[in-house]
Undergrad: 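So that we are looking at the same thing, I have put the structure below in C-alpha cells.
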Protein chains: 2
Amino acid sequence: MAGPSGSRGGAPAGEGRPRAARPTSRDVASRAGVSQATVSLVLGDKWRGRVSERTAEAVRSAAQELGYRPNLAARSLRLGRTRTALLVVPALTNEYFARVHAGASQVAADNGFGVVLYPSPEGVGPARGPFDSARAALDGVIASSMAARALTALRGGGLPLVMLDSDPEDTDAAATVNLDIAGGMRETARHLLALGHRRFLHLASAVDSWTFRKRARALREAVGAVPGTELSTVTAALGVDEARRSAEGALRASGRRPTAVVCDDDILAAGACKAARRLGLAVPEDLSVTGFDDLALATAVEPELTTVRLPAEQVGAQGMSALLSVLDGRPVATADLPVELVVRGSTAAPGVR
Amino acid sequence: MAGPSGSRGGAPAGEGRPRAARPTSRDVASRAGVSQATVSLVLGDKWRGRVSERTAEAVRSAAQELGYRPNLAARSLRLGRTRTALLVVPALTNEYFARVHAGASQVAADNGFGVVLYPSPEGVGPARGPFDSARAALDGVIASSMAARALTALRGGGLPLVMLDSDPEDTDAAATVNLDIAGGMRETARHLLALGHRRFLHLASAVDSWTFRKRARALREAVGAVPGTELSTVTAALGVDEARRSAEGALRASGRRPTAVVCDDDILAAGACKAARRLGLAVPEDLSVTGFDDLALATAVEPELTTVRLPAEQVGAQGMSALLSVLDGRPVATADLPVELVVRGSTAAPGVR
DNA sequence: GCGCAGACGTTATACGTAAAACGTGATGGC
DNA sequence: GCCATCACGTTTTACGTATAACGTCTGCGC
C-alpha cells in the first residue's frame with residue numbers, strides 16, 4: 001500500500017494527507033459514476049425497477065473494488081435501529097449460558113445482527129457498565145430469568161424483551177423461550193422409580209429462579225404420585241464444594257438413608273458424588289445420583305452422570321429468532337423445547353451390593 | 001401475552017403514538033434554556049472556562065430530569081470512534097475464555113467501552129457474521145492466538161490489535177499479554193520430580209498454538225535437566241473422551257509404564273484419570289496426573305486435580321487495558337502474568353502401593 | 001405535436017452529536 | 001474614547017447513511 005502518489009487523488013483542497021480512511025458510499029458513487037443515493041439503493045437491495053441492472057452492477061463492482069463497508073454508526077443514526085441485541089445472563093463461566101450465547105450469536109449473525117453481552121456481575125447495584133452504556137444502542141433485549149439483579153434494571157428500558165427460562169405468566173416480555181423442564185424431571189423420576197428407588201433426596205440449587213422452582217415441583221409431583229415413596233430436600237449454594245458439603249450433611253443426617261440423590265444441575269451432582277465417596281458410599285451401587293443440564297462436566301467425572309440434556313444453543317437461537325420476529329412485528333410462536341434424559345453410569349438399582 | 005391492543009404495536013402508518021422517543025441533547029438544551037452545543041460541552045466535560053458553573057449545573061439537572069442518554073450511534077458517527085472492542089476467542093464454552101471475557105468486560109465497562117465477541121465458529125471460511133458486521137464499528141481488537149482461523153481474517157483489518165497468549169516475536173500486534181506458562185510447567189515438573197517420579201507421559205493438546213508449544217517445551221527442558229528421566233508424548237483431540245482414548249492407548253502400550261501423566265489442560269487430565277481407572281490404576285497411588293488451567297472441573301473430579309492456576313480474568317483485563325493504552329497513544333508495559341501451581345489429590349509419590 | 005407515463009436517477013434532507021468558528025456584551029488599559 | 005481582552009455562549013458544520021421528493025429523457029397513443 002501507500003503508493004507514491006496515491007490512487008485516491010480526490011483531495012479537493014491541498015490536503016496531502018495519506019488518509020487511509022474507509023471508503024464511504026460517496027466514494028463508491030463517484031467511482032461508479034452515479035450519485036450516493038443510488039449506491040444506497042443498490043446496496044440496500046431497494047432498486048427493483050428504480051435502477052437499471054447495468055448501473056446496479058457497476059455500483060456493486062465499484063463497492064467490491066474499494067472494499068466498501070457501510071458505516072454502521074451512520075446507518076444506525078439514520079434508521080434509529082442498531083441491529084444489536086443485548087443478551088443478559090448471570091455468567092458465561094456457566095457452560096449453559098455460554099452455549100445459549102453461541103446459539104443466539106449464530107442466529108444474530110445470520111440476520112446481520114450483533115450481540116452484546118451483559119454478564120450481570122454479582123455486586124452491581126443499579127445497572128452499570130455494559131448495560132447502561134449499551135442501552136442507547138440497542139434494538140432489544142434477551143434476558144435469562146436467572147439474571148435477577150439485572151432484570152430489575154431492565155424495567156422501563158422500553159425495549160422489546162424476550163425472556164428465557166421464565167414463567168410466562170410472570171413477565172411482561174414480548175416472548176418467552178422455555179424448556180420442557182418438568183418433562184425432564186419427570187423422566188428422571190420415572191427412570192429412578194423404575195430402577196426401584198423409593199427414598200429420594202433432592203439436592204436443590206439455592207438460586208431462586210423459575211427453572212429451579214419448576215424442577216422442584218416436577219420432582220415432587222412425580223415422586224409423590226407413587227405410593228410408599230419419600231422425598232427430602234436440601235439446598236446448596238453455588239460451587240462443587242458447597243454442594244458436597246450440603247449433600248454430605250443431608251446423607252449423614254438420618255437413619256433411613258435415601259438411595260437416590262436428584263440434583264438440580266450437574267455441578268450439584270458432582271458434589272453429591274464427592275459426598276458419597278467421603279461417606280464410603282459407592283456410586284451407583286450404594287447411591288444413585290442424577291444431574292441436570294448435561295454439561296461437559298457430566299462425562300468428565302466418574303462415574304459419568306445420568307442427567308438431562310438441555311438444548312442450550314437452541315434456547316439462544318430461539319430467543320434471538322423471537323426477538324427478530326418481535327422487531328419485525330411478526331407473531332412469535334412459542335413452544336417448550338424438548339429435553340432428553342441421558343442415562344449413564346451414576347444410576348443403578350438400589351441395593352445391588 | 002397478546003394484550004388487548006398490543007403494548008408496542010408498531011403501527012407503521014397511523015403514528016398516533018405519543019412518541020416515547022428518547023430525549024436528545026436538544027431537548028435538554030431547551031429545557032435548560034441554552035443551546036445544544038452548550039449541552040454537549042457540559043456533558044462532555046469540556047467546559048472548563050467556557051461555560052459558567054451556574055449554567056453547567058442547569059444543564060446537568062435538566063439532563064438528569066429528562067433521563068437523557070446520549071445516542072451512541074450519533075456520537076460514533078461524529079467522532080469516528082465507537083468505544084467498542086472486539087474480543088476474538090475460540091469458544092466461550094471453554095471456561096478459560098469465559099473468564100478472559102469477564103475480565104475484559106470489567107475493564108471495558110469501567111472505561112465506557114463495550115465488548116463484542118467473535119467466538120470464531122469452527123467451519124467459517126472467510127470472516128463472516130459478527131466479525132464482518134462489527135468490523136465497521138470497532139476501535140480495536142483483542143484476539144487469542146488460539147482463534148487461529150479468525151486471525152487470518154484479521155489481517156488487513158487496519159485496527160489496533162492486542163494479542164493474548166501469543167508469541168511476541170511472531171505477531172505484528174501493538175501489544176501482547178502473556179502468562180508465565182513456562183514457569184507453571186517448570187513448577188509442575190519440579191513437584192513431580194521432588195515426589196520421586198522419573199518416567200513421564202505428556203498428554204498434549206492437538207491444538208497447534210503457542211501456549212501449547214510452550215508447555216511442551218518447558219516440560220521437556222525441566223524433565224530433561226534431570227538425569228535418568230524419561231518423557232514420552234501423546235497428543236489428544238478436544239474433549240474428555242478423546243483424551244481418555246489417547247491416554248489409555250499410551251498407558252497400555254509399552255512395558256515400562258510412566259508413573260506420572262502431565263497434561264496440557266484440565267480436560268485432558270480428566271481424561272487421563274478415566275483412562276487410569278479403566279486400566280485398573282488408582283490415581284494417585286499408581287499414577288499421578290496433573291492438569292493445567294485450574295478450571296472448575298479440576299475440583300469436580302476425584303481425586304481433585306493438581307494443576308496450574310491461570311489468572312484468566314487478569315489476562316482479559318490486561319488485554320483491554322493494553323488496548324485502551326494503544327488507542328490513547330500511551331505506551332504499554334507488558335510482563336508475563338504469574339501463575340501458580342496448586343497441589344491437590346491427583347499427585348503423590350510413585351509406588352506408594 | 002402534445003401530453004403522459006414509465007424507466008432511471010438525482011437532489012435535498014434528517015438522524016443526534018461534537019467541536020470549530022464566530023458573536024456579544026462588559027471590563028479595562030492607556 | 002477606542003481597541004483589546006475576557007467570559008460566556010451560540011451558530012454552523014460535518015460525520016455517512018437512507019429515503020422522500022423531485023427531475024429528465026424516451027417512447028407512444030391519439
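Numbers restart at 1 for each chain; the letters A, B, ... are given by sequence-line order, proteins then strands. Atom set for the values below is all heavy atoms of this structure, side chains included, hydrogens, waters and symmetry mates excluded.
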Undergrad: So, taking the atom named OG1 in T55(A) and the one named CZ in R50(A), what distance separates them when rounded to the nearest 0.5 Å?
TA: 13.0 Å
Undergrad: For R75(B) and dT17(C), give me the distance from atom CZ to atom P, rounded to whole Å.
TA: 8 Å
Undergrad: With a 4.0 Å cutoff (strictly under), does any side-chain N or O of S35(B) reach OP1 or OP2 of dT10(D)?
TA: yes
Undergrad: Between C1' on dC15(D) and CG on D27(A), what's the gap in Å once rounded to a whole number?
TA: 13 Å
Undergrad: So, N178(A) side chain and D167(A) main chain: donor-acceptor pair closer than 3.5 Å or not?
TA: no
Undergrad: Between T84(A) and G114(A), is there a donor-acceptor pair closer than 3.5 Å when you use the side chain of the first and the backbone of the second?
TA: no
Undergrad: What contact category does S76(A) fall into here, base, sugar-phosphate, or nothing, at under 4.0 angstrom with non-hydrogen atoms?
TA: nothing
Undergrad: Counting the atoms with a prime plus P, OP1 and OP2 as sugar-phosphate, which does V34(B) contact under 4.0 Å by heavy atoms, base, sugar-phosphate, or nothing?
TA: sugar-phosphate
Undergrad: Touch check for S52(A), heavy atoms < 4.0 angstrom, all strands: base, sugar-phosphate only, or nothing?
TA: sugar-phosphate
Undergrad: Check whether any side-chain N or O of S25(A) sits under 4.0 Å from OP1 or OP2 of dT17(D), and answer yes or no.
TA: yes
Undergrad: Please figure out whether E53(B) or Q36(A) has its closest DNA chain D nucleotide nearer the 5' end.
TA: E53(B)
Undergrad: Taking CZ from R22(B) and C1' from dT17(C), how many angstroms apart are they, rounded to a whole number?
TA: 13 Å
Undergrad: Is E57(B) salt-bridged to R60(B), cutoff N-O under 4.0 Å?
TA: yes
Undergrad: Rounding to a whole Å, what distance do you find between L72(B):CG and dC15(C):P?
TA: 18 Å
Undergrad: Of all the choices, dT19(D), dG9(D), dG16(D), which nucleotide is nearest to the side chain of R50(B) once you look at every atom?
TA: dG9(D)
Undergrad: Which nucleotide wins on minimum distance to the side chain of V51(A), given the candidates dG16(D), dG9(C), dA12(C)?
TA: dG9(C)
Undergrad: Could you check how far CG of N71(A) sits from P of dG16(C), rounded to whole Å?
TA: 17 Å
Undergrad: Which nucleotide wins on minimum distance to the side chain of K46(A), given the candidates dT11(D), dT17(C), dT19(D)?
TA: dT19(D)
Undergrad: Starting at CH2 of W47(B) and ending at P of dT10(D), how long is that distance when rounded to a whole Å?
TA: 15 Å
Undergrad: Would you find a donor on one side and an acceptor on the other, under 3.5 Å apart, between the side chain of D139(A) and the backbone of R83(A)?
TA: yes
Undergrad: Nearest whole angstrom, please: distance from the P of dG16(C) to the CG of L43(B).
TA: 16 Å
Undergrad: Base, sugar-phosphate, or nothing: which does L79(A) touch, judged by heavy atoms less than 4.0 Å apart?
TA: sugar-phosphate
Undergrad: Rounded to the nearest 0.5 Å, what's the gap from CG on L159(A) to CG on L323(A)? Could you check?
TA: 9.5 Å
Undergrad: Looking across every strand, which nucleic acid part, if any, lies under 4.0 Å from T38(A) by heavy atom: base, sugar-phosphate, or nothing?
TA: base
Undergrad: So does T55(A) get a side-chain nitrogen or oxygen closer than 4.0 Å to the phosphate oxygens (OP1/OP2) of dG9(C)?
TA: yes
Undergrad: Can you measure L66(B) atom CG to dG16(C) atom P for me and round it to whole angstrom units?
TA: 14 Å
Undergrad: Of the options dA19(C), dT10(C), dT17(C), whose atoms approach the side-chain atoms of L41(A) most closely?
TA: dT10(C)
